[in-house]
Amino acid sequence: MLQITLKGGEVRLYPSGTTPLEIARDIGPRLAREALVARVNGVLVDLTRPIESDAAVEFFTFEDEAGRRVYRHSTAHILAQAVKRLYPGAKLAIGPAIADGYYYDFDIARPFTPEDLDRIENEMRAIIKEDLPIQRIEVSREEAIRLFQEAGETYKVELIRELPDEEVISCYRQGEFIDLCAGPHVPSTGRIKAIKLLNVAGAYWRGDERNQMLQRIYGTSFPKESLLKEHLARLEEAKRRDHRRLGVELDLYSIHEEGPGFPFFHPKGMVLRNELERFWREEHARRGYQEVKTPIILRQELWKRSGHWEHYRDNMYFVNIDGENYAVKPMNCPGGIIIYKSRMHSYRELPIRLGELGLVHRHELSGVLHGLMRVRSFTQDDAHIFARPDQLEDEIIGVIDLVNYFYHDIFGFTYHVELSTKPEKAMGSDEIWEMATGALRRALDRRGLAYKVNEGDGAFYGPKIDFHLRDCLGRTWQCGTIQVDFLMPEKFDLFYIGQDAQRHRPVMVHRVVFGSLERFIAILTEHFAGAFPVWLAPVQVKVLPIADRHRDYAGKINELLQAEGIRTEFDTRNEKINYKIREAQVQKVPYMLVIGDREIAEQKVSVRHRSGGDLGGMPVAAFLERIKGEIATKALDNNR
RNA sequence: GCUGGUGUGGCUCAGCGGUAGAGCAGCGCACUCGUAAUGCGCAGGUCGUCGGUUCGAAUCCGACCACCAGCUCCA
């Protein structure tokens with residue numbers, strides 16, 4: 001008999017060879033129905049895999065990340081099976097689960113059309129209906145190679161050849177279909193309920209553009225039709241909130257053929273920018289930052305010295321002035337360094353925190369441009385901290401706290417942190433990298449922040465912490481970063497005079513909080529669906545007289561508000577009040593002041609809030625107090 | 001940059017070989033109105049650009065440009 005320890009610590013006895021599925025059935029019909037995969041002694045396995053020794057067993061359902069991945073991965077196999085049935089000539093590449101679904105890459109002569117997707121989806125439904133058992137088969141390397149060679153699956157053969165020697169090679173079979181796969185999978189195709197194929201796109205084999213272009217089909221699946229519907233509704237909602245669409249509707253910014261990737265900010269977009277910048281300046285001044293501005297164009301020599309020429313040239317723009325070569329800055333750091341070097345520094349002055357809202361230009365591939373999210377010129381809310389090595393950790397912590405204040409306290413975002421280590425194409429020794437990475441790690445640990453490690457994802461001059469914020473639709477965006485840099489100080493021979501009157505090397509921290517103003521504005525636009533908090537709203541109040549005879553009084557109210565620094569618009573057009581209100585609502589203006597006979601008689605204003613509706617009449621002074629309070633506290637709850 | 005798709009007035013879109021149409025927005029007139037669209041009228045487009053096929057091209061073909069979905073990359 002086996003001793004099986006369940007999640008709560010309960011121990012049950014089962015005969016040897018019992019499967020997790022049998023255990024689940026024993027526990028309860030609901031678990032048997034919902035369990036997708038089991039973890040046996042820490043390893044994820046199929047529910048149908050017999051257990052041969054005492055073990056701790058845990059079950060995962062669609063509620064769990066692990067369960068979802070298995071569910072989607074099994075759906076990907078069904079997709080592959082359907083494609084093979086309909087297009088036997090298609091060769092299989094890979095088909096993993098991803099965040100909200102899965103994809104599968106195929107090598108096929110003719111690209112898939114939307115009609116093909118419908119056909120494939122129907123075939124997938126048929127396979128689900130057949131409820132084919134999904135079986136794991138372990139094979140030797142030779143067998144596996146022979147099997148896939150005969151089937152003409154050259155990509156699979158390539159994958160097998162690259163598996164490490166000690167790796168157990170497994171295949172999964174469902175009906176006539178067999179695929180190389182580590183698993184685990186759900187027990188049978190019938191376990192998959194609601195499916196949807198979303199789109200097709202080209203993708204290179206192994207993500208390398210020198211390789212064959214494959215056709216990738218994206219899809220998703222859920223255990224209930226209602227969950228699928230919700231997911232599709234979320235995608236629709238994301239489309240509705242798309243900042244590229246809202247940017248036009250709210251007249252925030254535009255991008256034109258005359259400058260692809262170079263956005264134009266309109267007056268209302270500039271209000272957002274300026275408010276964000278004003279807030280940024282206040283908070284940075286308060287934390288001991290000084291602001292600088294460095295040139296956009298600097299000699300090519302500088303960029304050779306900094307390493308950008310070697311590591312970043314492909315992303316840079318160059319110009320020739322009077323026969324000399326210059327580069328347009330893709331980063332602000334060399335400028336900050338030049339300022340630091342412009343005079344001597346004592347150990348007493350450090351840390352020196354030089355902030356810069358720096359406009360940088362980067363040549364991005366044309367295919368990646370995306371509204372304000374991905375542009376070719378953008379403003380980084382940059383800062384370079386020059387510190388003594390003993391100050392490094394505290395400085396990193398200071399930035400972590402600053403980021404938390406911005407993201408969490410002000411905008412109400414949740415976020416997570418990732419640590420990126422030395423990339424292949426890097427400057428400097430492993431020791432220096434280890435030192436820098438260690439400082440970031442210790443700072444994160446001291447703040448008790450959990451983080452994910454991305455090996456090899458650091459900048460060429462140093463490791464970094466990235467902050468990924470999560471918007472109201474659950475999407476994450478990389479914004480802030482903190483990069484520790486021992487190399488630029490070396491390259492530029494930076495020093496300070498220590499207590500011992502000797503020269504010492506400072507360490508540099510590069511960091512951004514918003515990341516880029518452009519991207520941050522795009523994220524805010526989508527997060528708030530254009531209904532910005534009052535302190536950011538391009539127009540905070542619309543003054544709406546009902547008829548011509550109310551214009552004078554309404555005009556006075558409007559002037560009064562403007563004199564108090566409130567951003568207003570005065571709608572004197574000859575239109576019905578309903579029409580004016582509708583337009584203000586569509587523009588997501590937080591407050592509308594309706595003014596007619598009653599208001600004039602009572603010397604009041606009728607206040608309507610964009611989401612709270614009609615709030616009734618009040619004296620202007622009372623309204624002013626209310627809105628000024630919201631602005632001062634940067635209130636997010638603009639519902640009341 | 002690569003693969004696939006799209007490009008018609010400010011916006012959303014119809015027309016898809018016989019010489020351009022709707023709704024919204026804009027402008028004018030009338031209505032002077034109470035919390036999400038008053039009515040009538042007017043004006044607005046070398047149909048992304050260049051070239052080709054054709055008696056004739058917004059419609060067919062090619063190249064280029066831009067955009068969209070991805071790949072890759074990143075703030």
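Residue numbering restarts at 1 for every chain, and letters A, B, ... go by the order of the sequence lines.
- At B:U35, none of the side-chain N or O atoms of A:Lys576 fall inside 4.0 Å of OP1 or OP2 (strictly under the cut-off).
- At a threshold of 4.0 angstrom between heavy atoms, the contacts of A:Leu369 are confined to the sugar-phosphate backbone, with no base atom among them.
- Picking from B:U72, B:A36, B:A75 the nucleotide with the shortest atom distance to the side chain of A:Arg374 gives B:A75.
- The pair A:Glu602-A:Arg598 fails the salt-bridge criterion, with no side-chain N (NZ, NE, NH1 or NH2) lying under 4.0 Å from an Asp/Glu carboxylate O.
- Rounded to whole Å, the separation between the C1' atoms of B:U59 and B:U3 comes to 26 Å.
- Judged by atom type and distance alone, A:Asn574 reaches the base of B:C33 through a side-chain donor-acceptor pair under 3.5 Å.
- The listed nucleotides are B:U38, B:U32, B:A75; the one nearest the side chain of A:Tyr579 is B:U38.
- Here B:A43 sits opposite no nucleotide as a Watson-Crick or G-U wobble pair (both hydrogen-bonding atom distances under 3.5 Å).
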_If you apply the rule side-chain hydrogen bond (donor to acceptor under 3.5 Å, both in side chains), what do you find for A:His363 with A:Asn315, and how did you get there?_
CA-CA 4 Å; A:His363 177 72; A:Asn315 284 299; over 6 Å; no

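- Across all strands shown, A:Lys542 has no heavy atoms under 4.0 Å from either base or sugar-phosphate atoms.
- Across all strands shown, A:Arg573 has heavy atoms under 4.0 Å from sugar-phosphate atoms exclusively, and none from any base.
- Looking at heavy-atom distances under 4.0 Å, A:Asn315 makes no contact with the nucleic acid at all.
- B:C68 and B:G51: their C1' atoms are spaced 26 Å apart (whole Å).
- In this structure, B:C33 forms no base pair with any nucleotide, since neither Watson-Crick nor G-U wobble geometry is met with both distances under 3.5 Å.
- Counting any heavy atom pair closer than 4.0 Å across all strands shown, A:Val360 reaches no nucleic acid atom.
- If you take atom P in B:C27 and the same atom in B:G44, they sit 16 Å apart, rounded to whole Å.
- Base engagement by A:Glu599 is indicated by at least one non-hydrogen atom pair under 4.0 Å involving a base atom.
- If you check every strand for non-hydrogen atoms under 4.0 Å, A:Ile581 touches a base.
- For B:C33, one of the phosphate oxygens OP1 or OP2 lies less than 4.0 angstrom from a side-chain nitrogen or oxygen of A:Arg549.
- You'll find that the side chain of A:Leu365 is closest to B:G1, out of B:C67, B:G1, B:C33.
- Projected onto RNA chain B by closest heavy-atom contact, A:Glu583 and A:Arg598 fall at different nucleotides, the more 5' of which corresponds to A:Glu583.
- The same atom, C1', is picked in B:A43 and in B:C61; the two are 37 Å apart, to the nearest Å.
- Residue A:His256 is classed as having no contact, given no heavy-atom separation below 4.0 Å to the nucleic acid.
- Among the heavy atoms of the strands lying under 4.0 Å from A:Gln585 is at least one base atom, whether or not backbone atoms are also near.
- Looking at heavy-atom distances under 4.0 Å, A:Asp548 makes contact with a base.
- Note on A:Arg216: only backbone sugar-phosphate atoms sit closer than 4.0 angstrom, heavy atoms only; bases stay farther off.
- In a base pair of the Watson-Crick type (N1 to N3 plus N6-O4 or O6-N4) or a G-U wobble (N1-O2 and O6-N3), with each distance short of 3.5 Å, B:A25 is matched with no nucleotide.
- On the C1' atoms, B:G23 is 15 Å away from B:G15, given to the nearest whole Å.
- Among the heavy atoms of the strands lying under 4.0 Å from A:Ser606 is at least one base atom, whether or not backbone atoms are also near.
- The pairing partner recorded for B:G18 is B:C55, the criterion being a Watson-Crick or G-U wobble arrangement whose two distances lie under 3.5 angstrom.
- Distances were taken from every side-chain heavy atom of A:Glu364 (C-beta onward) to each of B:A36, B:A75, B:U32; the shortest belongs to B:A75.
- Salt-bridge formation is not detected for the pair A:Glu526/A:Arg241: no Lys NZ or Arg NE/NH1/NH2 atom is positioned less than 4.0 Å from an Asp or Glu carboxylate oxygen.
- Between A:Met592 and A:Val541 the shortest side-chain heavy-atom distance does not fall below 4.5 Å.
- Atom C1' of B:C2 sits at a distance of 30 Å from the matching atom of B:A58, rounded to the whole Å.
- The side chain of A:Tyr218 places an N or O atom within less than 4.0 Å of a non-bridging phosphate oxygen (OP1 or OP2) of B:C71.
- Straight-line distance between the P atoms of B:C67 and B:C55: roughly 38 Å, to the nearest whole Å.
- A tilted orientation is assigned to the rings of A:Tyr317 and A:Phe262, their planes being inclined by 30° to 60°.
- A:Tyr104 has its ring centre no less than 6.0 Å from the ring centre of A:Tyr218.
- Distances from the side chain of A:Ile546 to the nucleotides B:G34, B:A75, B:U72 place B:G34 closest.
- Contacts of A:Phe378 with the nucleic acid, taken as non-hydrogen atoms under 4.0 Å apart, include base atoms.
- When the nearest nucleotides of RNA chain B are assigned to A:Val607 and A:Cys479 by heavy-atom distance, the more 5′-ward of the two goes with A:Val607.
- In this structure, the nucleotide among B:A36, B:C65, B:U35 sitting nearest to the side chain of A:Arg582 is B:A36.
- Look at the P atom in both B:U49 and B:A57: the space between them is 15 Å, to the nearest Å.
- How far CG of A:Leu357 is from NZ of A:Lys293: 5.5 Å, rounded to the nearest 0.5 Å.
- Pair assignment for B:U3 gives B:A69, based on Watson-Crick or G-U wobble hydrogen-bonding distances that are each under 3.5 Å.
- The nucleotide whose nearest atom lies closest to any side-chain atom of A:Val594 is, among B:A36, B:A75, B:G34, B:G34.
- A:Gln380 contributes no side-chain N or O that, together with a main-chain N or O of A:Leu359, makes up a donor-acceptor pair within less than 3.5 Å.
- Pairing for B:A63 goes to B:U49, judged as Watson-Crick or G-U wobble with the two contacts each under 3.5 Å.
- Under 4.0 Å is where a charged nitrogen must lie from a carboxylate oxygen, and between A:Glu153 and A:Lys84 at least one such pair does.
- For A:Arg362, whose side chain is taken as the heavy atoms from C-beta onward, the closest listed nucleotide among B:U38, B:C33, B:C74 is B:C74.
- When heavy atoms are screened at a 4.0 angstrom cut-off, A:Glu518 is found touching no nucleic acid atom at all.
- For A:Arg244 and B:C68, the shortest distance from a side-chain N or O to OP1 or OP2 is below 4.0 Å.
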